[in-house]
Amino acid sequence: MKYLCLGYLDVNHWATLSANQQSAMIDDCLAYDEMLKKNGHWAGGEGLQGPDTATTLRYRNGTVSVTDGPFVETKEILGGLLIIEARDRNHAIQLMSNHPGVKMGPWEIRPVEDLTGMIRESERRRGKR
């Protein structure tokens, strides 16, 4: 089963680390990611640029509004995401508990929903129109 793992960076703590400590942490994380790949648990992942590069879309009163940049102050920012293959929730927790990134901030782990049936039903409905 696939799990989406959202990694948050504690920016205040990160700022206290020296450049060498930051580099070592990044190297440890990437080495662990390589192990996930080697063992068949890696399904994808990306780092994210900072929240100042974000764009937020909101649908209100029949129109879409666009907000550029961050709109909330927060101690932790979404720093990246991983998609892993795990037997079950406990296995996903075990895999991510060993990831060095947990030292940089919290991780949220969610099962990925298989939308195959929903997509097929939608395709069937849209084909009738």
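Values reported hereafter were calculated over all heavy atoms of this structure, with side chains retained and with hydrogens, waters and symmetry mates removed.
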How far apart are the C-alpha atoms of H99 and D33, what are their side-chain angles, what is the distance that settles it, and do they pass the side-chain hydrogen bond (donor to acceptor under 3.5 Å, both in side chains) test?
CA-CA 8 Å; H99 196 292; D33 293 349; 2.7 Å; yes
Any donor-acceptor N/O pair, W107 side chain to G101 backbone, under 3.5 Å
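Yes; judged by distance alone, with no hydrogens or angles, the pair exists.
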Interatomic distance, E108 atom CD to Y3 atom OH [nearest 0.5 angstrom]:
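E108 CD to Y3 OH: 14.0 Å, rounded to 0.5 Å.
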Same cluster or not: L17 versus I77, using hydrophobic residues (I, L, V, M, F, W, Y) connected whenever any side-chain heavy atoms lie under 4.5 Å apart?
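Yes: a chain of side-chain contacts under 4.5 Å links L17 to I77.
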Indicate yes or no: at least one non-hydrogen side-chain atom of E85 is less than 4.5 angstrom from one of K2.
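Side-chain contact under 4.5 Å: yes.
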Looking at every non-hydrogen atom in both residues, tell me the closest pair between I84 and M96 and how far apart they are.
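Scanning both residues, the minimum pair turns out to be CD1-CG, 4.0 Å.
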Is M25 reachable from V102 through a run of hydrophobic residues whose side-chain heavy atoms are each under 4.5 Å from the next?
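Unlinked, V102 and M25 end up in two clusters.
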Does any part of the side chain of T67, heavy atoms only, come nearer than 4.5 Å to the side chain of T55, both counted from C-beta?
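They are not in side-chain contact.
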Do side-chain atoms of Y32 reach the backbone of L95 as a donor and acceptor pair under 3.5 angstrom?
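Looks like yes, one N/O pair under 3.5 Å.
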Of the non-hydrogen atoms in V112 and L4, which two are nearest, and what is the gap between them?
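Smallest heavy-atom distance, with atoms named: CG2-N, 3.7 Å.
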Closest non-hydrogen atom pair, D28 against P100
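Distance-wise, the nearest heavy atoms are O-CG, 3.4 Å.
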To the closest 0.5 Å, what do you measure between CG (L36) and CG (L30)?
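Interatomic distance, L36 CG to L30 CG, rounded to 0.5 Å: 11.0 Å.
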Testing the basics here: between A86 and A92, what is the closest heavy-atom pair and its distance to 0.1 Å?
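Looking at all heavy atoms of both residues, the shortest contact is CB-N, 3.6 Å.
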Grouping I, L, V, M, F, W and Y whenever their side-chain heavy atoms are under 4.5 Å apart, do Y8 and L81 come out in a common cluster?
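As far as the 4.5 Å side-chain criterion goes, L81 and Y8 are connected within one cluster.
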Within the 4.5 Å heavy-atom criterion, are M104 and H13 side-chain neighbours or not?
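No, every pair of side-chain atoms sits at 4.5 Å or beyond.
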Check ion pair K37-E34 (N to O, under 4.0 angstrom):
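Yes, K37 and E34 are salt-bridged.
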To the nearest 0.5 Å, what is the distance between CG (D88) and CE (M1)?
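Those atoms lie 9.5 Å apart.
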Side chains of T116 and D114: any donor to acceptor distance under 3.5 Å?
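Yes, a side-chain donor-acceptor pair sits under 3.5 Å.
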Less than 4.5 Å apart, side chain to side chain, heavy atoms only: is that true for P111 and R89?
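SC-SC contact between P111 and R89 ruled out.
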Joint cluster assignment, L78 & W14, ILVMFWY side-chain distance < 4.5 Å:
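No.
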L82/W42 under side-chain contact (heavy atoms from CB on, under 4.5 Å): CA gap, chis, key distance, verdict
CA-CA 8 Å; L82 298 178; W42 179 272; 3.2 Å; yes
Evaluate the criterion side-chain contact (heavy atoms from CB on, under 4.5 Å) for residue pair V66 and T56; output intermediate values, then yes/no.
CA-CA 6 Å; V66 178; T56 302; over 6 Å; no
R126 and S122: side-chain donor and acceptor closer than 3.5 Å?
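The answer is yes; a qualifying pair exists.
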According to a hydrophobic-cluster definition based on side-chain heavy atoms being under 4.5 Å apart (Ile, Leu, Val, Met, Phe, Trp, Tyr only), do M35 and I93 belong together?
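In one cluster: yes.
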Within the side chain of E121, is there an N or O that forms a donor-acceptor pair under 3.5 Å with the backbone of M118?
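Judged by distance alone, no pair lies under 3.5 Å.
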Any idea which heavy atoms bring Q94 and N98 closest together, and the distance?
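Closest pair (atom of Q94, atom of N98, distance): O-ND2, 3.2 Å.
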